[in-house]
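Heads up, the thing below is written out as structure tokens.
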Amino acid sequence: MITIDTTNMCSHLQKKLFEENGIYHSLWIAMQDDPELTAVVRSRQLHIYRNGKKVLVLAGKSVPKIIREDSICELLQVERIKWMEQRFNNALAAIKDESAASLKTIKEDVAELSKYYGSELWKQDFAADEAGNLPPDLKRGVLSEDGIWNLLSDYRVIQKKKQ
């Protein structure tokens, strides 16, 4: 079981790691079961080590920094895609519903999807999908260029109508 002093950890990172719906929460759970992994907070970021060698740095607002290839890094990609896919599906349902209450609940999801789409992380995830490097049972609608583009466009159109 990994225990860390979170006193100096970025609050955004704390949410991503420790809240059930956080993007890194599944990663945190997996780390608890891996006796070879240790973690330390430095400069408000979480530095993750396997057998004393740094493999990954997680930050609150910036993208994770992969230091060396490791199974925990592969899990990070799969969990990120699952997390984004969930937001993608939530947003699709709310846009279809078009009610003001539904649209209000997805504002943060749409912001995350907009930031993700076209980012280096999305490009890496897309390339991994194209190369067949993702698990075959992984849902990945969020990696469809047309799907996410259409979702963001539809959201903007609905927002303009509501004004």
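Everything numeric here is computed off the predicted structure, so don't read it as measured data.
Using a 4.5 Å heavy-atom cutoff, the side chains of L92 and L151 are in contact. Counting heavy atoms from C-beta on, the side chains of D129 and I81 never come closer than 4.5 Å. Looking at heavy atoms from C-beta onward, L134 lies in side-chain contact with L143 at the 4.5 angstrom threshold. Counting heavy atoms from C-beta on, the side chains of P64 and L121 come closer than 4.5 Å. Counting heavy atoms from C-beta on, the side chains of Y116 and R87 never come closer than 4.5 Å. Within the 4.5 Å cutoff, the side chain of I72 has heavy atoms near those of the L75 side chain. In this structure the side chain of I23 never reaches within 4.5 angstrom of the side chain of E79, judged on heavy atoms. Contact annotation: the side chain of L76 approaches that of R80 to within less than 4.5 Å [non-hydrogen atoms, C-beta and beyond].
To the nearest 0.5 angstrom, D70 atom CG is 8.0 Å from D34 atom CG. Separating the CD1 atom in I29 from the CE atom in M31 is a distance of 10.5 Å, to the nearest 0.5 Å. Distance check: S62 OG to Q45 CD gives 6.0 Å after rounding to the nearest 0.5 Å. Between the CG atom of L13 and the CG atom of L17 there is a distance of 4.5 Å, given to the nearest 0.5 Å. Distance check, rounded to the nearest 0.5 Å: CG of D146 to CD1 of I148 gives 11.5 Å. In this structure, OH in Y49 is found 7.5 Å from OG1 in T38, a value given to the nearest 0.5 Å.
Across all non-hydrogen atoms, the minimal contact from R44 to S11 is NH2-N, 4.2 Å. Contact record, V78 with L138: CG1-CD1, 4.1 Å, taken as the closest heavy-atom pair. Among all heavy-atom pairs drawn from H12 and K61, the shortest one is NE2-CE, 2.9 Å. Among all heavy-atom pairs drawn from K107 and Y155, the shortest one is CA-OH, 3.8 Å. Contact record, D154 with I95: CB-CG2, 3.9 Å, taken as the closest heavy-atom pair. When all heavy atoms of F18 and M9 are compared, the closest pair comes out as CE1-SD, 4.0 Å.
Residues K82 and E85 are not paired through a salt bridge, judged by the lack of any N-O separation under 4.0 Å between the basic side chain and the carboxylate. Looking at D125 and R140, no side-chain N of the basic residue comes within less than 4.0 Å of a carboxylate O on the acidic one, giving no salt bridge.
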### Task
Would you check, one step at a time, whether the test side-chain contact (heavy atoms from CB on, under 4.5 Å) holds for H25 with N21?
CA-CA 7 Å; H25 186 68; N21 66 345; over 6 Å; no
### Message
If you apply the rule side-chain contact (heavy atoms from CB on, under 4.5 Å), what do you find for I67 with K53, and how did you get there?
### Response
CA-CA 9 Å; I67 308 300; K53 294 184 179 181; over 6 Å; no
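Residues I48 and V57 are members of separate hydrophobic clusters, defined by side-chain heavy-atom contacts under 4.5 angstrom among Ile, Leu, Val, Met, Phe, Trp and Tyr. Residues L152 and M84 share a single hydrophobic cluster, defined by chaining ILVMFWY side chains whose heavy atoms lie under 4.5 Å apart. When hydrophobic clusters are built by joining Ile, Leu, Val, Met, Phe, Trp and Tyr residues whose side-chain heavy atoms come closer than 4.5 Å, directly or via intermediates, I158 is grouped together with F88. Residue V63 is grouped with residue L56 when hydrophobic side chains (ILVMFWY) are merged at heavy-atom distances under 4.5 angstrom, including chains of intermediate members. Hydrophobic clustering keeps V40 apart from I66 (ILVMFWY residues linked when any side-chain heavy atoms are closer than 4.5 Å, directly or through intermediates).
Panel note: side chain K16, backbone G60; a donor-acceptor pair is recorded below 3.5 Å. A donor-acceptor pair under 3.5 Å is formed between the side chain of W122 and the backbone N or O of V142.
Within a 6.0 Å sphere centred on NZ of K54, other residues, nucleotides and ligands contribute more than 12 heavy atoms.
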